[in-house]
Amino acid sequence: MISKLVLLFFFLASIITAEDDLSFIYNGFRSANLSLDGIAEFTPNGLLSITDGTEQQQGHAFYPNPVTFKKDSLNGTAPFSFYTTFIFAIRSHFLSPMGHGFAFVIAPTRGLPGALDSQYLGLFNETSDGNETNHVIAVEFDTIMNSEFDDINENHVGIDINGLRSVKYCTAGYYTDPNGEFKKRLKLTSGHPMQVWVEYDSEKKQMDVTLAPIHVGKPPNPLLSLNRDLSPIFKNTMYVGFSSATGLNQSATHYVLGWSFKINGKAQELVVSNLPKLPAITWKGRYILLAAGLLLFSVYIISVAISGVLVIIRKIKFAELIEDWEVDYRPQRYKYKDLYIATSGFRVQNLLGSGGFGRVYRGILPNSNTEIAVKRVSHGSRQGMKEFVAEIFTMRRLRHRNLVALLGYCRRKGELLLVYDYMPNGSLDKYIYDQPKITLNWTKRFQVIKGVASAMFYLHEEWEQVVIHRDVKASNVMLDAEFNGRLGDFGLARLYDHGTEPQTTHIAGTFGYLAPEHTRTGKATTASDVFAFGAFLLEVSCGRRPIDSRKQTEDIILVDRVFSCWNRGDILEAMDPNLLGTEFVAEEVELVMKLGLLCSRSDPAARPSMRQVVKYLERDLEVANSEFLGLRSSGLAFARHEGFDDVVDDTFHHTSSVAESLLSGGR
Ligand SMILES: *[C@@H]1O[C@H](CO)[C@@H](O)[C@H](O)[C@H]1NC(C)=O
Ligand SMILES: *[C@@H]1O[C@H](CO)[C@@H](O)[C@H](O)[C@H]1NC(C)=O
Ligand SMILES: *[C@@H]1O[C@H](CO)[C@@H](O)[C@H](O)[C@H]1NC(C)=O
Ligand SMILES: *[C@@H]1O[C@H](CO)[C@@H](O)[C@H](O)[C@H]1NC(C)=O
Ligand SMILES: *[C@@H]1O[C@H](CO)[C@@H](O)[C@H](O)[C@H]1NC(C)=O
């Protein structure tokens, strides 16, 4: 009880009024009698709040009585020393930048009339700043960098004499060892209480300012030390107190927790445990901080998750199928991702056409900028894939100016992608059928025919092994930039020949180009290629498809029509009407049509070889009329009804029933 009373006694402002050597101590300001102005106030629990968070305001708190700083003696005036210590804390308002700071001040008046807020800290104004008649000494704790006062940063301590351009300044901090070696930085706006000591020794003419966190004790060395005789600044009596100001959008609450002062001697120590408590950082602020933290964290988590999912989606999207046996073909393998980028994601604008085996897309390879055509072949079963890839890679070595070069491949689940040279002029059929935009003249057509013939001759006889194309037709003949015919898609039919069920033979090829013995036996031969070539010759010279159901019944089958024209002695009657009125060589047209008939013979042995065909076309060999001696309508392919029953070719949407009805309707 007694000790409490003693404490209470200390807790109250104790003023010892020995005339000259004034001293006072405030362990909290609960019942203090300071002179306040501006927005300065005491909080209910005894804190001195010089400014609260209000913007563009100032506040002052002065010890109410004048303090004697020097005294007239017989031979002049003798200045007094002083010693003061106080504890302060600067608290922010959520998301608001701190400002502007506060100062311990010794001034000739109680309060500082005419002073401004913001960077002037409630000490001076534009005109009074720096004027020697001010007689103001201040120790500023400045939390805004003002370049007009040469501030070093937004966290400094300075000694100001008559103006805000500090005569001595330093970043806030303290020394931890007596040698002054190591200085620890302090953040003035940390919100934590800090203690300050300001001492002036009138004999040494030295002013020291020391700063430290509470509980650390007074550091061995001062932060700032000014060697200057302050007696010209001091008036005989002065007022001591605090000044603080806030600015536009820059505010904080500047608290003083306790203050002790003494003239000529060491001031009494503050009793830290008796100081009033600072308000807790508000729950609102904490809540907002927590929410902001959580928000940031969840944004982070979500973005990590999204990028993870994206990576997985990408992986799935660009997934490829690679098996051990494909090691040998690695150089020819393309990355699906590259093909995807090349074709802009296989979009419709890049679609060149959809042929029998799949869609073909135009693309530009990202690395080399080369134009390519990518064929997507859907392939359900893995069966036969190995043989097929092996085969197309023997074929990759095939090099002929009339073959479309195969550059490589890529494999995905259920899908094979073949990469070819891009043919800028597309496929031949576009220029022949159905009111083409550009009709190919005869010279070009003949050139294309010769080119295709030479390519087929190369496949059948010139290369190291016999290669059967299996799907010769106008839509598989591509035109390069110079309108040279180039045979494409070779060997693809083979992929479908490896049937899933061995007992049923799937014939791949195109109806109308399939030789009768091929449909019967399911075996492709060079002769069946020649048969297809015959159909191709007729379609190029007659400008229509081998089977055209829109024609009159006797004309549905092209071979029959050409044959009957030939039989009547006017084979040219069957030629492409689009060519009439253009320049053409009648003998060449006739030769091509006759060759077409010869190649269409139902007896494979009776068909010419590609070697002979090339010779005929080059006019090295005349087509003797004797060749046609055995040629009767019944000797031509489509005269026969038999042999088409097992034409099963889902990929071309021609079912055998369609074929049958066509045929039975045709004859
Ligand atoms: C506070 O101080 C002023 C100025 O010294 C004085 O006039 C006033 O009476 C004091 N009030 C109290 C309650 O001490
Ligand atoms: C005059 O001042 C000096 C120091 O400035 C002091 O030592 C001396 O005692 C003073 N004389 C008197 C008569 O007070
Ligand atoms: C500036 O402050 C001084 C007092 O220090 C005052 O006399 C003067 O009127 C003030 N000037 C302005 C412009 O407020
Ligand atoms: C300083 O202030 C005084 C009084 O206010 C004034 O007369 C004087 O002109 C000022 N000096 C400067 C340099 O502004
Ligand atoms: C201060 O805040 C106001 C709104 O309160 C805003 O319009 C202004 O741009 C801010 N100024 C600065 C310097 O941030």
Original post:
Which of these, Arg470, His460, Glu517, sits in a side-chain contact (heavy atoms from CB on, under 4.5 Å) with Thr525?
Top reply: Glu517
Original post:
Do you know the tightest heavy-atom contact between Ile571 and Glu590?
Top reply: CG2-CG, 3.4 Å
**OP:** Kindly write out the residues that satisfy side chain to side chain contact (heavy atoms under 4.5 Å, CB included) with Ser298, not counting sequence neighbours, or none if the list is empty.
**Re:** none
Original post:
For Phe536, is the NZ or CZ atom of Lys473 found under 6.0 angstrom from the centre of its six-membered ring and inside 45 degrees of the ring axis?
Top reply: no
Original post:
Counting N and O atoms only, with roles assigned by atom type, does the side chain of Arg411 sit under 3.5 Å from a partner on the main chain of Leu416, one being a donor and the other an acceptor?
Top reply: no
Original post:
Nearest heavy-atom pair of Arg607 and Ser602: which atoms, and what distance?
Top reply: NH2-O, 3.4 Å
Original post:
Roughly how far, to the nearest 0.5 Å, is the CE atom of Met478 from the CG atom of Asn425?
Top reply: 9.5 Å
Subject >> Partners passing side chain to side chain contact (heavy atoms under 4.5 Å, CB included) against Asp480 (at least two apart in sequence or in another chain) >> reply: Met423, Glu482, Asn484, Arg486
Subject >> Check: Met456 and Leu487 side chains under 4.5 Å, non-hydrogen atoms >> reply: yes
Original post:
For the side chain of Arg412 and the backbone of Ala319, is there at least one donor-acceptor N/O pair under 3.5 Å apart?
Top reply: yes
Original post:
Is there side-chain contact between Pro604 and Ser528, with at least one heavy-atom pair below 4.5 Å?
Top reply: no
**OP:** Output yes when a side-chain donor or acceptor of Arg333 lies under 3.5 Å from a complementary backbone atom of Tyr409, and no otherwise.
**Re:** no
Original post:
Is the count of non-hydrogen atoms from other residues, nucleotides or ligands lying under 6.0 Å from Lys615 atom NZ greater than 12?
Top reply: no
Subject >> Non-hydrogen side-chain atoms of Leu459 and Ile468 separated by less than 4.5 Å >> reply: no
Original post:
Do Val419 and Leu339 come close enough that some side-chain heavy atom pair is under 4.5 Å?
Top reply: yes
**OP:** Taking atom NZ of Lys337 as the centre, report whether more than 12 heavy atoms of other residues, nucleotides or ligands fall under 6.0 Å from it.
**Re:** no
**OP:** Report yes if the side chains of Asp576 and Arg445 come closer than 4.5 Å at any heavy-atom pair, otherwise no.
**Re:** yes
Original post:
Can you list the residues that meet the salt bridge (charged side-chain N to carboxylate O under 4.0 Å, His left out) rule with Arg544, with sequence neighbours excluded?
Top reply: none
Subject >> Set of residues satisfying salt bridge (charged side-chain N to carboxylate O under 4.0 Å, His left out) with respect to Glu461, sequence neighbours excluded >> reply: Arg611
Original post:
Aromatic rings Trp442 and Phe446: how do their planes relate, parallel, tilted or perpendicular, breaks at 30° and 60°?
Top reply: parallel
**OP:** For the pair Val562 and Cys542, evaluate side-chain contact (heavy atoms from CB on, under 4.5 Å) and give the outcome as yes or no after the intermediate values.
**Re:** CA-CA 9 Å; Val562 178; Cys542 302; 3.8 Å; yes
**OP:** Output the distance between atom CG (Leu617) and atom CG (Leu537), rounded to the nearest 0.5 Å.
**Re:** 7.0 Å
**OP:** Taking all heavy atoms of Arg561 and all of Ala574, pick out the closest pair and write down the distance.
**Re:** NH2-CA, 3.8 Å
Original post:
About how many Å separate CG of Leu538 and CG of Leu595, when rounded to the nearest 0.5 Å?
Top reply: 9.5 Å
Original post:
Heavy-atom distance under 4.5 Å between the side chains of Phe483 and Val448, does that happen here?
Top reply: no
Indicate every side-chain donor-acceptor pair of residues 304-318 with a distance under 3.5 Å to a residue at least two apart or in another chain.
{"unit_1": "Ser307", "atom_1": "OG", "unit_2": "Ser303", "atom_2": "O", "d": "3.0"}
{"unit_1": "Ser307", "atom_1": "OG", "unit_2": "Val304", "atom_2": "O", "d": "2.9"}
{"unit_1": "Lys317", "atom_1": "NZ", "unit_2": "Tyr340", "atom_2": "OH", "d": "3.1"}

**OP:** Spell out, as yes or no, whether a donor-acceptor pair under 3.5 Å connects the side chain of Asn476 to the backbone of Asp471.
**Re:** yes
Original post:
Quick check: does any side chain N or O of Ser344 sit under 3.5 Å from a backbone N or O of Arg347, one acting as donor and the other as acceptor?
Top reply: no
Subject >> Cation-aromatic face contact Arg359/Phe346, 6.0 Å, 45 degrees >> reply: no
**OP:** Apply side-chain contact (heavy atoms from CB on, under 4.5 Å) to the pair Leu479 and Tyr431, showing each step before the final yes or no.
**Re:** CA-CA 10 Å; Leu479 298 176; Tyr431 299 86; 3.5 Å; yes
**OP:** Could you tell me whether the side chain of Asn402 and the main chain of Ser454 form a donor-acceptor pair under 3.5 Å?
**Re:** no
**OP:** Taking His518 for its side chain and Phe531 for its backbone only, find out whether a donor-acceptor pair lies under 3.5 Å.
**Re:** no
Original post:
Judged by atom type as modelled, is there a donor-acceptor pair below 3.5 Å linking the side chain of Arg376 to the main-chain atoms of Leu417?
Top reply: no
Original post:
Which heavy atom of Ala453 sits nearest a heavy atom of Val613, and at what distance?
Top reply: CB-CG1, 4.4 Å
**OP:** Determine whether more than 12 heavy atoms belonging to other residues, nucleotides or ligands lie under 6.0 Å from atom CD of Glu583.
**Re:** no
Subject >> Val530 and Met610: CA distance, side-chain angles, deciding distance, side-chain contact (heavy atoms from CB on, under 4.5 Å) verdict >> reply: CA-CA 7 Å; Val530 170; Met610 282 318 294; 3.9 Å; yes
Original post:
Salt bridge between Arg550 and Asp548, side-chain N to carboxylate O under 4.0 Å?
Top reply: yes
Original post:
Would you say Arg401 has more than 12 foreign heavy atoms packed within less than 6.0 Å of its CZ?
Top reply: no
Subject >> For Asn441 against Leu579, the heavy-atom pair lying closest together >> reply: C-CD2, 4.3 Å
**OP:** For the pair Asp570 (side chain) and Cys565 (backbone), establish whether a donor and an acceptor sit closer than 3.5 Å, ignoring hydrogens and angles.
**Re:** no
Subject >> Side chain Glu320, main chain Tyr336, donor-acceptor under 3.5 Å >> reply: yes
Subject >> Test item: Met98 and Ser92 side chains (from C-beta on) under 4.5 Å apart, heavy atoms >> reply: yes
Subject >> Residues in salt bridge (charged side-chain N to carboxylate O under 4.0 Å, His left out) contact with Glu588, at least two apart in sequence or another chain >> reply: none
**OP:** Start with the C-alpha gap between Val614 and Asp620, add the side-chain angles, then the distance that decides, and say whether side-chain contact (heavy atoms from CB on, under 4.5 Å) holds.
**Re:** CA-CA 9 Å; Val614 169; Asp620 289 345; over 6 Å; no
**OP:** Identify the two heavy atoms, one from Ile372 and one from Ala342, that lie closest to each other, and give their separation to 0.1 Å.
**Re:** CD1-CB, 4.3 Å
Original post:
Hey, are the side chains of Val374 and Val360 touching, using non-hydrogen atoms and a 4.5 Å cut-off?
Top reply: no
